[in-house]
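Just so you know, these numbers use all the heavy atoms, side chains as well, and skip hydrogens, waters and symmetry mates. Note that ligands are numbered from 1 as they come in the structure, with each ligand's atoms numbered from 1 the same way. In this text, all values refer to a predicted model and were calculated from it rather than measured experimentally.
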Amino acid sequence: MKLQFYKYQGAGNDFIMVDNRENVVNHHNSRLIQHLCDRRFGIGGDGAMFLQNVDGYDFEMVYYNADGKPSSMCGNGGRCIVAFAKFLGIIDDETEFLAVDGPHYAKISAEGNWVSLQMTDVNSITSDDDAYVLNTGSPHYVTLTEGLKDKNVYKEGYAIRNNDTYRAEGININFVEPTDNGYFVRTFERGVEDETFACGTGVTAVALAMAKHNNITGQITTPIKVLGGDLTIRFNYDGNTFTDIFLEGPAEKVFEGDVVLKD
Ligand SMILES: N[C@H](CCC[C@H](N)C(=O)O)C(=O)O
């Protein structure tokens with residue numbers, strides 16, 4: 001069977017995208033997803049997404065991590081699937097779609113390559129030693145550090161992600177360093193089990209955790225630099241709950257093609 005796919009990236013977090021409105025692919029097949037995401041023997045990607053029809057929304061986003069397992073929410077993936085929906089002519093400049101963590105509103109530029117995605121509200125941040133732990137649609141561990149440019153993010157991220165607390169469920173590890181006008185963030189991503197060039201729910205978690213850390217409340221805009229580019233998070237914080245959270249940045253189609261799937 002020949003499968004048409006599209007490759008997208010949002011700040012270097014890259015994804016395989018399939019228009020599955022006709023349900024041509026039975027994606028509940030972790031070996032298939034792992035193979036598609038394999039950077040040597042497959043197409044390559046941090047994850048794979050299937051755009052599907054669903055009542056009440058413009059479309060449904062079904063997301064798998066590169067390890068082939070169904071995942072929690074993917075922020076950069078959500079921005080990329082909005083760009084994909086516009087490319088397919090399903091939407092114009094805004095949308096309401098359904099993801100694993102519920103409905104999401106998003107706006108997209110006329111050119112179709114810049115997306116502002118609303119994330120679910122967050123009303124709980126806990127501490128783990130000197131780190132913050134919160135869920136922005138995916139679980140995140142946020143820790144301030146120095147010398148981030150030279151840090152061995154794979155080694156240090158792997159160790160925390162696989163410690164006694166987090167080994168079972170996994171968690172994404174975000175290392176953050178203040179910059180002149182925001183933060184520099186590098187992330188070890190669960191389900192990729194490696195550092196990615198950006199993590200959308202991760203930089204969202206960092207922006208919220210830093211507002212708490214610095215006791216800043218009100219309407220906040222946080223610019224964040226990642227290996228793959230720049231993202232911006234806008235939100236409101238009243239000292240307890242984070243609302244009107246938007247993750248904003250580029251979402252680009254890189255190439256399209258088709259792959260023959262062994263039956
Ligand atoms: N790997 C993450 C999901 C994707 C997160 C990331 N790609 C994003 O942009 O939010 C997890 O299993 O929690």
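- With respect to Asp14 and Arg39, a salt bridge is recorded, a charged nitrogen being found less than 4.0 Å from a carboxylate O.
- Taking every non-hydrogen atom of Ser72 and a distance limit under 4.0 Å, the qualifying atoms of ligand 1 come out as 11 (C), 12 (O), 13 (O).
- Salt bridge status for Glu256 with Lys253: present, with a side-chain N to carboxylate O gap under 4.0 Å.
- The closest side-chain donor-acceptor pair between Asp58 and Thr95 falls under 3.5 angstrom.
- Under 3.5 Å, the side chains of Asp46 and Asn13 contain a donor-acceptor pair of N or O atoms.
- In this structure, atom 9 (O) of ligand 1 lies nearest to the protein heavy atom Gly200 N, 2.8 Å.
- Looking at residues two or more places apart in sequence or on another chain, you find no ring pair (Phe, Tyr, Trp, His ring centres under 6.0 Å) involving His35.
- Contacts of Asn13 with ligand 1, taken as heavy-atom pairs under 4.0 Å, involve the side chain alone.
- Listed by atom number, the atoms of ligand 1 under 4.0 Å from Glu189 heavy atoms are 1 (N), 2 (C), 4 (C), 5 (C), 6 (C), 7 (N).
- Proximity of Ser71 to ligand 1, defined as any heavy-atom pair under 4.0 Å, is confined to the side chain (atoms from C-beta onward).
- Each of the following atoms of ligand 1 lies closer than 4.0 Å to a heavy atom of Gly75: 8 (C), 9 (O), 10 (O).
- By the 3.5 Å distance cut-off applied to N or O atoms, Phe15 is not counted among the residues near ligand 1.
- In this structure, Phe197 is a member of the same hydrophobic cluster as Tyr158, with clusters built from ILVMFWY side-chain heavy atoms closer than 4.5 Å.
- Contact of the Met210 side chain with the Val142 side chain is registered, since non-hydrogen atoms from C-beta on lie closer than 4.5 Å.
- Contact annotation: Met73 has at least one heavy atom less than 4.0 Å from an atom of ligand 1.
- Under 4.0 Å is where a charged nitrogen must lie from a carboxylate oxygen, and between Glu146 and Lys151 no such pair does.
- Those atoms of ligand 1 with a heavy atom of Thr201 less than 4.0 angstrom away are 5 (C), 8 (C), 9 (O), 10 (O).
- Under 4.0 Å from ligand 1, the heavy atoms of Asn172 that appear belong solely to its side chain.
- With respect to the salt-bridge test (charged N to carboxylate O, under 4.0 angstrom), the residues Arg40 and Asp38 do not qualify.
- In this structure, Cys74 counts as a contact residue of ligand 1, since one of its heavy atoms falls inside 4.0 Å of the ligand.
- Legend: residues meeting ring pair (Phe, Tyr, Trp, His ring centres under 6.0 Å) with Phe87, ordered by chain and number and at least two apart, are Tyr6.
- Under 4.0 angstrom from ligand 1, the non-hydrogen atoms of Asn76 come from both its backbone and its side chain.
- Both the backbone and the side chain of Arg190 come within contact range of ligand 1, each with a heavy atom under 4.0 Å.
- The contact set between ligand 1 and Ser138, taken as ligand atoms under 4.0 Å from a residue heavy atom, comprises 3 (C), 11 (C), 13 (O).
- Asn65 counts as a contact of ligand 1, since one of its heavy atoms falls under 4.0 Å from the ligand.
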